[in-house]
Trainee: 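Next up is a structure, given as structure tokens.
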Amino acid sequence: MNDNTLTVYEPQTLTTPDAVSAIVDLVLDGLTSEHSRRAYERALVDFLAWHGEQGRLPLTKALVQRYRRKLEDDGLAPSTVNLRLSAIRKLVQEAADNGLVDPALANGVKAVKGVKSAGVRSGNWLTREQAQALLDAPDTSTLKGLRDRAILAVLVGCGLRRSEAAGLDFDHVAQREGRWCVVDLVGKGNRTRTVPMPSWAKGALDAWTEAAGITSGRVFRRLRKGGTVDGDQMSAQAIRDVVSEYGALCGLESLAAHDLRRTFAKLAHKGGAGLDQIQLSLGHASIQTTERYLGVAQDLTSAPGDVLGLRLAE
């Protein structure tokens with residue numbers, strides 16, 4: 001946006017371009033993720049253009065509800081509508097904090113409900129954009145955010161089950177053929193497999209473990225209320241709760257940990273990874289049969305997790 005200096009306006013509504021621009025700058029400056037900044041800026045530019053077409057009416061609950069109906073009528077996905085509503089809520093909150101909007105009006109806008117989704121997607125998997133938004137959702141300025149991003153990274157980047165993520169040990173993270181992998185992972189049916197790890201997932205793990213000061217034992221630990229490491233490993237239920245928390249934050253209602261395993265497979269396949277290599281990474285029961293029929297060996301150089309098209313926020 002621009003560098004206009006914020007000045008004092010009457011606290012009824014945002015009616016001038018300068019006031020609006022200054023508040024949008026405050027919204028964007030408060031976001032640490034570049035991906036989130038871009039998404040929120042697009043959402044606010046579109047909303048403010050529509051707002052201008054309405055004659056810059058007061059930002060009331062009724063006005064935002066009208067905009068939500070407009071987005072739904074345009075055929076936007078529930079997750080997209082909910083992200084745009086989140087950007088508007090933050091805009092109005094910043095305006096209220098700076099005396100540009102009546103706090104009662106701001107509270108009304110914040111009460112506008114999002115759009116319910118019947119499911120994440122057909123087949124319960126995320127698009128690349130949705131998976132990227134999920135990775136960017138944790139606040140990495142906190143220890144919890146670093147841990148949660150690392151959890152999401154291994155679930156969607158390596159296709160691990162939630163029980164496998166909960167049981168992930170430092171001994172499982174090792175180099176094979178010049179790359180980092182999750183090695184000797186025992187999954188369903190006591191089948192052991194090795195899963196190549198994309199570099200961005202390893203980066204998320206390193207950021208968490210270095211900040212937490214842990215080098216052995218379970219990778220993912222519980223945190224005390226003060227934000228320090230508890231020392232106890234997380235349960236599979238706790239891993240599920242992490243996924244659910246950030247799914248809701250991204251407008252993905254009822255997102256399950258296993259949906260990220262499906263997302264790994266879908267995005268890897270769309271990215272060009274061979275189905276046989278994906279099956280090896282997932283450790284499906286039919287892998288031995290697949291190896292016999294196709295005569296393949298696992299490729300640790302070009303692996304499924306390398307072609308998901310995801311990254312860590314700068």
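Quick note: numbers below take in every heavy atom, side chains included, and nothing from hydrogens, waters or symmetry partners. None of the values given here were measured: they were computed from a predicted structure.
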Trainee: Can you check whether L260 reaches L160 side chain to side chain, under 4.5 Å on heavy atoms?
Mentor: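 Not touching, per the 4.5 Å side-chain cut-off.
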
Trainee: Between L134 and V156, does a side-chain contact (heavy atoms from CB on, under 4.5 Å) hold up when you go through it step by step?
Mentor: CA-CA 10 Å; L134 190 71; V156 75; over 6 Å; no

Trainee: Should D74 and K70 count as an ion pair when the cut-off is N to O under 4.0 Å?
Mentor: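 Result for this pair is yes, salt bridge flagged.
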
Trainee: Measure the spacing between NZ of K90 and CG of L44 and express it to the nearest 0.5 Å.
Mentor: 10.5 Å

Trainee: Provide the closest heavy-atom pair for L143 versus V229 in the form atom of the first, atom of the second, distance.
Mentor: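 Closest approach of L143 to V229, heavy atoms only: CD2-CG2, 4.0 Å.
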
Trainee: To the nearest 0.5 Å, tell me how far K110 NZ sits from Q93 CD.
Mentor: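 Rounded to the nearest 0.5 Å, the NZ-CD separation comes out at 4.0 Å.
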
Trainee: Quick one: does any side-chain atom of W125 pair with a main-chain N or O of L267 as donor and acceptor, under 3.5 Å?
Mentor: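 No, the answer is negative, given that no donor and acceptor are paired below the 3.5 Å cut-off.
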
Trainee: Kindly say whether L282 contributes a backbone atom to a donor-acceptor pair with the side chain of R261 at under 3.5 angstrom?
Mentor: yes

Trainee: Nearest heavy-atom pair of A236 and S163: which atoms, and what distance?
Mentor: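 Shortest heavy-atom contact: CB-CA, 4.1 Å.
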
Trainee: To the nearest 0.5 Å, tell me how far C250 SG sits from E129 CD.
Mentor: 13.0 Å

Trainee: Taking side chain as C-beta onward, heavy atoms only, is R69 less than 4.5 Å from R66?
Mentor: yes

Trainee: Identify the heavy atoms of A165 and F220 that sit nearest to each other, and give their distance.
Mentor: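 Closest approach of A165 to F220, heavy atoms only: O-CD1, 3.3 Å.
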
Trainee: May I ask you to test the W208-I151 pair for a side-chain heavy-atom distance under 4.5 Å?
Mentor: no

Trainee: Taking the side chain from N82 and the backbone from P78, do they hold a donor-acceptor pair closer than 3.5 Å?
Mentor: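 Here the side-chain-to-backbone pair exists.
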
Trainee: Does R162 form a side-chain contact (heavy atoms from CB on, under 4.5 Å) with H258? I'd like the steps, not just the answer.
Mentor: CA-CA 7 Å; R162 61 176 178 162; H258 209 77; over 6 Å; no

Trainee: Between R193 and S281 (side chain of the first, backbone of the second, donor and acceptor by atom type, cut-off under 3.5 Å), is there such a pair?
Mentor: yes

Trainee: Could you note down all residue pairs passing salt bridge (charged side-chain N to carboxylate O under 4.0 Å, His left out) where residues 143-153 supplies at least one of them, sequence neighbours left out?
Mentor: K144-D148, K144-E245

Trainee: C158 versus P198: any side-chain heavy-atom pair under 4.5 Å?
Mentor: yes

Trainee: Might you point out which heavy atoms bring P138 and G145 nearest each other, and give the distance in Å?
Mentor: CB-O, 3.4 Å

Trainee: So L185 and E164, do their side chains get closer than 4.5 Å, heavy atoms only?
Mentor: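 A side-chain contact under 4.5 Å exists here.
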
Trainee: Just by distance, do the side chain of R176 and the backbone of T194 share a donor-acceptor pair under 3.5 Å?
Mentor: no

Trainee: Taking the side chain as every heavy atom from C-beta outward, state whether F47 and R84 have any pair of such atoms under 4.5 Å apart.
Mentor: no

Trainee: Does the T80 side chain pair with the main chain of L76, one donor and one acceptor, at a distance under 3.5 Å?
Mentor: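 Side chain of T80 to backbone of L76: no pair is present.
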
Trainee: Work out which heavy atom in A43 is nearest to a heavy atom in L83; give both atom names and the distance.
Mentor: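 Nearest pair, atom of A43 first, then L83: CB-CD2, 4.4 Å.
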
Trainee: Show your reasoning for whether side-chain contact (heavy atoms from CB on, under 4.5 Å) applies to W200 and L308.
Mentor: CA-CA 11 Å; W200 52 265; L308 301 185; 3.9 Å; yes

Trainee: Can you tell me if T263 uses its side chain to pair, donor with acceptor, with the backbone of L126 under 3.5 Å?
Mentor: yes

Trainee: When you compare the side chain of V115 with that of R68, does any pair of heavy atoms fall below 4.5 Å?
Mentor: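 The answer is yes; the side chains approach within 4.5 Å.
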
Trainee: Got a salt bridge between D46 and R42, using NZ or NE/NH1/NH2 to carboxylate O under 4.0 Å?
Mentor: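 Here D46 does not pair with R42 in a salt bridge, since their nearest N and O are not under 4.0 Å apart.
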
Trainee: Counting distance only, does the side-chain N/O of E94 pair as donor-acceptor with the main-chain N or O of L91 below 3.5 Å?
Mentor: no

Trainee: Do the side chain of Q132 and the main chain of R311 share a donor and acceptor less than 3.5 angstrom apart?
Mentor: yes

Trainee: Same hydrophobic cluster for V183 and W180, using side-chain heavy-atom links shorter than 4.5 Å among ILVMFWY?
Mentor: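 No, V183 and W180 fall in different hydrophobic clusters.
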
Trainee: Can you tell me how the ring of W50 sits relative to the ring of Y67, calling it parallel under 30°, perpendicular over 60° and tilted otherwise?
Mentor: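 Geometry flag for Y67 against W50: tilted rings.
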
Trainee: Working to the nearest 0.5 Å, report the span between CZ of R38 and CG of L28.
Mentor: 12.0 Å

Trainee: Hey, what do you get for CE (M234) to CG (L168), rounding to the nearest 0.5 Å?
Mentor: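 Here the rounded value is 12.0 Å.
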
Trainee: Checking side-chain contact (heavy atoms from CB on, under 4.5 Å) for the pair L48/V24: CA distance, chi angles, key distance, verdict?
Mentor: CA-CA 10 Å; L48 293 172; V24 170; 3.7 Å; yes

Trainee: State, yes or no, whether a side-chain contact exists between K202 and V173 at a heavy-atom distance under 4.5 Å.
Mentor: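 Result yes, sub-4.5 Å side-chain heavy-atom pair found.
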
Trainee: Surrounding CZ of R128 (heavy atoms of other residues, nucleotides or ligands, distance under 6.0 Å), is the total greater than 12?
Mentor: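 Atom CZ in R128 is not packed in, count stays at 12 or less.
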
Trainee: Would you give the length of the straight line joining atom OG of S199 to atom CG of D306, rounded to the nearest 0.5 angstrom?
Mentor: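 Going from the OG atom of S199 to the CG atom of D306 covers 7.0 Å.
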
Trainee: Pairs in or reaching into residues 228-241: which pass salt bridge (charged side-chain N to carboxylate O under 4.0 Å, His left out), with residues at least two apart or in two chains?
Mentor: R222-D232

Trainee: Closest heavy-atom contact between I214 and F170?
Mentor: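 Taking I214 first and F170 second, the nearest heavy atoms are O-CZ, 3.3 Å.
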
